Amino acid sequence: MKIYEVKGPCPELGVTLARIAAELGEGEEALVVSKWRYVINDLKNSASLLGLEIVAVQEQGDRVQVVVKKSRQALHL
């Protein structure tokens, strides 16, 4: 499982999401970790557009972890 860390607010999350969508093959999972809680909501809001699904969300102290799975090709906007 690949691990992606979001170290700061925008635009880093957008760049990280683009990398995840491009690098994961169908059925592969990745772990997104961050100290920024907004990452959870932003991932939930954009996952389907990127062909991702949220598998698990975990909050551990000052860190959040989100497991995403590539379910299909991303939509072309």
Side-chain angles (χ1 to χ4, degrees):
M1 178 184 305
K2 293 183 180 183
I3 299 173
Y4 297 86
E5 184 172 3
V6 178
K7 296 179 183 176
C10 297
E12 187 172 342
L13 178 60
V15 172
T16 302
L17 290 176
R19 283 186 54 218
I20 291 170
E23 293 176 1
L24 290 185
E26 191 169 328
E28 285 186 301
E29 293 184 350
L31 176 65
V32 180
V33 296
S34 183
K35 68 176 185 176
W36 300 93
R37 298 178 75 95
Y38 77 89
V39 167
I40 296 170
N41 285 334
D42 285 0
L43 273 170
K44 287 179 180 177
N45 291 334
S46 59
S48 64
L49 294 173
L50 299 169
L52 303 172
E53 60 184 85
I54 305 297
V55 175
V57 176
Q58 189 173 29
E59 297 182 46
Q60 295 180 331
D62 64 342
R63 297 191 64 79
V64 295
Q65 297 183 346
V66 182
V67 177
V68 296
K69 180 178 179 180
K70 180 83 171 256
S71 57
R72 58 174 171 73
Q73 288 294 324
L75 296 177
H76 296 285
L77 301 176

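Given the structure is predicted, the values throughout are model-derived calculations rather than measurements.
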> About how many Å separate NZ of Lys70 and CD of Glu26, when rounded to the nearest 0.5 Å?
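Between Glu26 CD and Lys70 NZ, I get 8.0 Å after rounding to 0.5 Å.
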> Do the side chains of Val57 and Val64 get nearer than 4.5 Å, heavy atoms only?
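The answer is no; the side chains never approach within 4.5 Å.
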> With hydrophobic residues grouped by side-chain heavy-atom distances under 4.5 Å, do Val55 and Leu31 end up in a single group?
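Both belong to a single hydrophobic cluster.
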> I need the Ile54 CD1 to Ser46 OG distance, nearest 0.5 Å.
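Ile54 CD1 to Ser46 OG: 7.5 Å, rounded to 0.5 Å.
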> Given the rule that I, L, V, M, F, W and Y join up when any side-chain heavy atoms are under 4.5 Å apart, are Ile40 and Val67 in one cluster?
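As far as the 4.5 Å side-chain criterion goes, Val67 and Ile40 are not connected within one cluster.
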> To the nearest 0.5 Å, tell me how far Met1 CE sits from Leu24 CG.
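So the CE of Met1 and the CG of Leu24 are separated by 10.0 Å.
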> Please tabulate, for the side chains in residues 6-17, all donor-acceptor contacts under 3.5 angstrom to protein atoms that are two or more places apart in sequence or on a different chain.
{"unit_1": "Glu12", "atom_1": "OE1", "unit_2": "Gly8", "atom_2": "N", "d": "3.1"}
{"unit_1": "Glu12", "atom_1": "OE2", "unit_2": "Lys7", "atom_2": "N", "d": "2.9"}
{"unit_1": "Thr16", "atom_1": "OG1", "unit_2": "Glu12", "atom_2": "O", "d": "2.9"}

> For Glu23, enumerate each residue passing the side chain to side chain contact (heavy atoms under 4.5 Å, CB included) test, keeping only those at least two apart in sequence or located in another chain.
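Only Lys2, Tyr4, Arg19 meet the side chain to side chain contact (heavy atoms under 4.5 Å, CB included) criterion with Glu23.
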> Find the distance between CG (Leu43) and CD (Glu53) and round it off to the nearest 0.5 Å.
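It is 13.0 Å, given to the nearest 0.5 Å.
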> Among all residues two or more places apart in sequence or in another chain, which pass the salt bridge (charged side-chain N to carboxylate O under 4.0 Å, His left out) test with Glu5?
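Once residues adjacent in sequence are excluded, the partners of Glu5 under the salt bridge (charged side-chain N to carboxylate O under 4.0 Å, His left out) criterion are Arg63.
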> Evaluate side chain to side chain contact (heavy atoms under 4.5 Å, CB included) for Leu50 paired with Ile20, printing each intermediate quantity in order.
CA-CA 9 Å; Leu50 299 169; Ile20 291 170; over 6 Å; no
